[in-house]
Amino acid sequence: AQTVTQSQPEMSVQEAETVTLSCTYDTSESNYYLFWYKQPPSRQMILVIRQEAYKQQNATENRFSVNFQKAAKSFSLKISDSQLGDTAMYFCAFMKNTGNQFYFGTGTSLTVIP
Amino acid sequence: NAGVTQTPKFQVLKTGQSMTLQCAQDMNHEYMSWYRQDPGMGLRLIHYSVGAGITDQGEVPNGYNVSRSTTEDFPLRLLSAAPSQTSVYFCASSVTGGRGNTIYFGEGSWLTVV
């Protein structure tokens, strides 16, 4: 079975600063995908960034980047130049290469302070 | 673009009542799934389907039924609602094959069972 752990229930950051959200996972699979999703108060699920496990290069999307450590089974999200609109719940998710079932962490509530 | 459409958005049920949450997607995706989101629990998979006529159970299937008669539609049925089924429900779709395509979520259905 796959498990995803987010050990930081709540975090805050000053506007324009950088923050890192942690995620660890457990799996016996060798090929898989990892995701970060953002959920604002509207509850809409918005894809932030995706990482293929077979790629060593860390994914980046504008102000969002990940630190993917496959051996340590760690997948952290770094948000640079934090903006007020980044305030949301962030979920880390795992997907096996052989299917489309997602396994989600319990989320980290991020507040950006003006 | 419609994407994934869920109805209703809000529903209040009495214990023991039955109802169906509707989900439709217009992207010709093979894979569809239902998740529930509870406070502190992240999203958990209820049922999924890899194509018309094929369904399978996820992590928390008890109390729910699904069917997939067409590629577009994947309704979720609550046979006899219980207060423990109070939650936010998300329908999602994606292509199959573990190609790492993102999963597209509906906007969520808020269900309260009293």
Side-chain angles (χ1 to χ4, degrees), chain A residues 1-10 21 23-25 27 29-55 59 61 64 66 68 75 88-109, chain B residues 1 3-6 8-10 23 25 27 29-51 54-61 66 68 74 87-111:
Chain A
Q2 279 62 231
T3 59
V4 179
T5 301
Q6 293 179 250
S7 59
Q8 305 155 314
E10 297 180 354
L21 308 184
C23 174
T24 59
Y25 58 94
T27 183
E29 304 284 328
S30 57
N31 292 321
Y32 49 87
Y33 300 85
L34 297 163
F35 304 80
W36 279 98
Y37 276 87
K38 171 185 177 181
Q39 188 180 49
S42 67
R43 294 281 191 141
Q44 183 182 4
M45 294 291 287
I46 302 167
L47 176 66
V48 175
I49 201 165
R50 177 178 65 214
Q51 174 80 42
E52 292 91 340
Y54 63 86
K55 290 187 177 179
E61 287 288 344
F64 299 89
V66 298
F68 174 48
F75 183 61
M89 183 73 82
Y90 287 82
F91 290 98
C92 179
F94 170 99
M95 185 185 81
K96 291 192 293 185
N97 187 49
T98 54
N100 290 80
Q101 295 99 304
F102 274 59
Y103 300 88
F104 287 87
T106 51
T108 297
S109 178
Chain B
N1 293 335
V4 179
T5 303
Q6 289 181 234
K9 194 171 182 68
F10 299 97
C23 177
Q25 53 94 5
M27 298 171 282
H29 284 168
E30 298 165 314
Y31 188 91
M32 297 185 74
S33 51
W34 277 101
Y35 293 83
R36 61 178 287 174
Q37 183 179 23
D38 302 301
M41 298 291 289
L43 279 74
R44 293 181 293 169
L45 180 64
I46 304 171
H47 284 285
Y48 65 96
S49 168
V50 299
I54 306 169
T55 64
D56 207 345
Q57 296 180 350
E59 183 183 0
V60 287
V66 292
R68 185 91 179 272
F74 189 47
S87 189
V88 182
Y89 292 84
F90 287 92
C91 180
S93 76
S94 64
V95 297
T96 56
R99 291 189 288 273
N101 288 320
T102 188
I103 188 168
Y104 295 85
F105 287 92
E107 295 185 343
S109 296
W110 276 250
L111 175 66

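Chain identifiers are assigned alphabetically (A, B, ...) following the order of the sequence lines, protein sequences preceding nucleic acid strands; residue numbering begins at 1 within each chain.
Within the 4.5 angstrom heavy-atom criterion, no atom of B:Tyr104 approaches chain A. Contact of A:Gln39 with chain B is made through the side chain alone, with heavy-atom distances under 4.5 Å. When heavy atoms are compared at a cutoff of 4.5 Å, B:Leu43 approaches chain A by way of both its backbone and its side chain. Heavy atoms closer than 4.5 Å to chain B are found in the backbone of A:Ser42, but not in its side chain. Residue contact with chain B, scored on non-hydrogen atoms closer than 4.5 Å, is absent for A:Tyr103.
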Could you walk me through whether B:Gln37 and B:Arg44 pass the side-chain hydrogen bond (donor to acceptor under 3.5 Å, both in side chains) test, one step at a time?
CA-CA 6 Å; B:Gln37 183 179 23; B:Arg44 293 181 293 169; over 6 Å; no

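Here A:Tyr32 and A:Tyr54 keep their ring centres 6.0 angstrom or further from each other. Remark: aromatic rings of A:Phe94 and A:Phe75 are distant, center separation not under 6.0 Å.
Around atom CD of B:Glu107, no more than 12 heavy atoms belonging to other residues, nucleotides or ligands sit under 6.0 Å away.
Put simply, the side chain of A:Glu52 never gets that close to the backbone of A:Tyr33: no donor and acceptor are under 3.5 Å apart.
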